[in-house]
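Heads up: the structure comes next, in structure tokens.
Below, each value reflects all heavy atoms present in this structure, side chains not excepted, and no hydrogens, waters or symmetry copies.
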Amino acid sequence: MKTIDELLAEGVAGKRIFVRADLNVPLDGTTITDDGRIRAVLPTVKALADAGARVVVASHLGRPKGAPDPAFSLAPAATRLGELLGADVPFATDTVGESARATVGGLADGQVAVVENLRFNAGETSKDDAERGAFADQLAALADVYVGDGFGAVHRKHASVYDLPARLPHAAGYLIATEVGVLRKLTDDVKRPYAVVLGGAKVSDKLAVIDQLLGKADRLLIGGGMVFTFLKAKGHEIGSSLVQEDQLPVVREYIERAEKNGVELVLPVDVVVAPEFPDLKTKAPGRPSTVAADAMPAGQMGLDIGPESRKLYASKIADAATVFWNGPMGVFEHPDFAEGTKAVAQALLDSRAFTVVGGGDSAAAVRILGFDENAFGHISTGGGASLEYLEGKTLPGLAALED
């Protein structure tokens, strides 16, 4: 995989460099609530611009239906990128049309532009190779060289991620190089004890990675909504908590495999419950109470791990040499159900382990709950991509960058 440093050494002045970034930032209207992904691509964009390249930044945002939708415009991200660069960043109001061609054509050496949301074009996400390829041809006409730096999208077989690198000389940006280097430390050269903390709503989202980790991790700590399928699989009452009934047989098999393989499977001993899911907009009191994890009352919904579980999980992280965390322990967006997620984040900081926060909601929680993100070993920009890498899958966007 060619590195951006090798590309820079060859000289990029005057060349049009297409940077596939991940600017898929959360928006409240047109206000960016977390600019972490924009800041993550800055080193690549700045290095290219400083070397005299004409930089064309492209990304997706959200899930528009293959047509323009103002709610998913990249305009706020372009504005923020300009603020962070301290330079004017022209914005094309389409991706491969007249505005994009004029904007890219008007770039001076060392200038950066952003084109509109890639997913406003049906060809970006099409499952038809020909349709995807035709869109990639249009994108290729905008550039001389391709730099892949959108780690959050490398697990997608999309035109700008998979097909475009085949049409242009290509290299990996700094972010992708960093992400891959970190993930190799979780797969090829793991320092032990190796603890993995998994949360989030649905156990089905994590089954494949659990399957892999049962042969690699020393400890699996389970929280979030997915934990209630584990608790029910062990025969416990879970009240009105989220459960995936169809996954119970698989989870029972995983519980047995963990014991057989000597993998410590850690489940909560107490949980914070409430009669209903809390209002995340008003943050109205959630009426929480704490109950034993094996005796949840009917009509109560589990929404976080309890205080004894927080101590337990912290103790299981304390002496680990490597910790990977993906998924919050509860509904961290509401103050009544955020303590479990806070406890896990603090335990990572208090440990001497190499700590990796696996993107998505976990990365958002770190920032929203006020933790210093620089204090963690690494915060990934791609939750789904990180999980698929750990599952052992071939990621299309990484494969496309290989020579």
Side-chain angles (χ1 to χ4, degrees), residues 194-207 209-210 213-214 217-234 236 238-239 241-244 247 251 254-255 258 263-274 277-278 286 288 290-294 296 300-318 320 323-351 353 355-366 368-369 371 376 383 386-387 390:
Y194 177 21
V196 177
V197 187
L198 296 177
K202 295 182 178 180
V203 70
S204 56
D205 293 340
K206 305 285 182 6
L207 286 179
V209 75
I210 292 172
L213 290 169
L214 285 173
D218 299 302
R219 297 172 191 152
L220 280 178
L221 287 64
I222 308 295
M226 63 184 284
V227 78
F228 300 104
T229 302
F230 277 84
L231 292 173
K232 184 160 186 176
K234 289 177 71 71
H236 300 324
I238 60 167
S241 304
L242 179 68
V243 63
Q244 290 185 278
Q247 304 298 334
V251 170
Y254 283 178
I255 292 171
V263 177
E264 189 177 4
L265 182 63
V266 184
L267 301 176
V269 293
D270 59 351
V271 293
V272 179
V273 299
F277 197 84
T290 301
V291 300
D294 60 357
M296 294 176 61
Q300 293 287 320
M301 176 184 296
L303 297 168
D304 195 12
I305 60 173
E308 294 304 315
S309 300
R310 293 169 214 153
K311 294 176 188 175
L312 172 65
Y313 285 30
S315 72
K316 298 298 181 181
I317 292 169
V323 183
F324 174 73
W325 172 32
N326 181 283
M329 296 295 98
V331 186
F332 72 91
E333 301 93 337
H334 193 287
D336 288 340
F337 310 103
E339 294 303 318
T341 302
K342 283 183 184 178
V344 165
Q346 188 61 53
L348 264 66
L349 294 183
D350 292 342
S351 76
T355 57
V356 179
V357 181
D361 286 342
S362 309
V366 163
I368 290 170
L369 297 176
F371 290 93
F376 296 87
S386 296
L387 288 177
L390 294 182

Quick one: ring-ring contact (aromatic ring centres under 6.0 Å, His included) partners of Y313, sequence neighbours excluded?
none
Atom CD1 in I255, atom CG in L267: separation rounded to 0.5 Å?
6.5 Å
Does any part of the side chain of T290, heavy atoms only, come nearer than 4.5 Å to the side chain of P307, both counted from C-beta?
yes
If we ignore angles and hydrogens, is there a donor and acceptor under 3.5 Å between the side chains of Q247 and T229?
no
Atom CZ in F332, atom CG in L369: separation rounded to 0.5 Å?
6.5 Å
Are any side-chain N or O atoms of D270 and backbone N or O atoms of S309, one a donor and one an acceptor, separated by less than 3.5 Å?
yes
Side-chain donor/acceptor of D336 to backbone N/O of P288, under 3.5 Å
no
Search all heavy atoms of G340 against all heavy atoms of D304 and return the closest pair with its distance.
N-OD2, 2.9 Å
If I compare all heavy atoms of V273 with all of G302, which pair ends up nearest, and what's the gap?
CG1-CA, 3.9 Å
To the nearest 0.5 Å, what is the distance between CG (D205) and CG (L198)?
11.0 Å
What closest approach, in Å, do G306 and V272 show between heavy atoms, and which atom pair accounts for it?
CA-CG2, 4.0 Å
Option from V366, V356, T355 for which side-chain contact (heavy atoms from CB on, under 4.5 Å) with W325 holds
V366
Is V271 close to V291 at the side-chain level, that is, under 4.5 Å between some pair of heavy atoms?
yes
Can you check whether H334 reaches L303 side chain to side chain, under 4.5 Å on heavy atoms?
no
Quick one: pull up CD1 in I210 and CG in L390 and give me the separation to the nearest 0.5 Å.
12.0 Å
Is the closest side-chain heavy-atom distance between N326 and K206 below 4.5 Å?
yes
Please test L265 against F230 for side chain to side chain contact (heavy atoms under 4.5 Å, CB included), starting from the C-alpha separation and ending with a verdict.
CA-CA 10 Å; L265 182 63; F230 277 84; 4.2 Å; yes
Identified side-chain contact (heavy atoms from CB on, under 4.5 Å) counterpart of R310 within the set E339, K342, M329:
E339
Minimum heavy-atom separation for V357 to S362, with atom names?
CG1-CB, 3.6 Å
Minimal heavy-atom distance between V323 and A353, with the atoms involved, is CG2-CB, 3.8 Å
Do Y254 and L207 come within less than 4.5 Å of each other through their side chains, counting heavy atoms only?
yes
Please tabulate, for the side chains in residues 217-228, all donor-acceptor contacts under 3.5 angstrom to protein atoms that are two or more places apart in sequence or on a different chain.
unit_1	atom_1	unit_2	atom_2	d
D218	OD1	R192	NH1	3.4
D218	OD2	R192	NH1	3.1
D218	OD2	Y194	N	2.7
R219	NE	E264	OE1	3.4
R219	NH1	K316	O	2.5
R219	NH1	D319	OD1	2.7
R219	NH2	D319	OD1	3.3
R219	NH2	D319	OD2	3.3

Distance, nearest 0.5 Å, that separates CE of M301 from CE of M296
9.0 Å
Heavy-atom closest pair, residues L231 and A293:
CD1-O, 4.0 Å
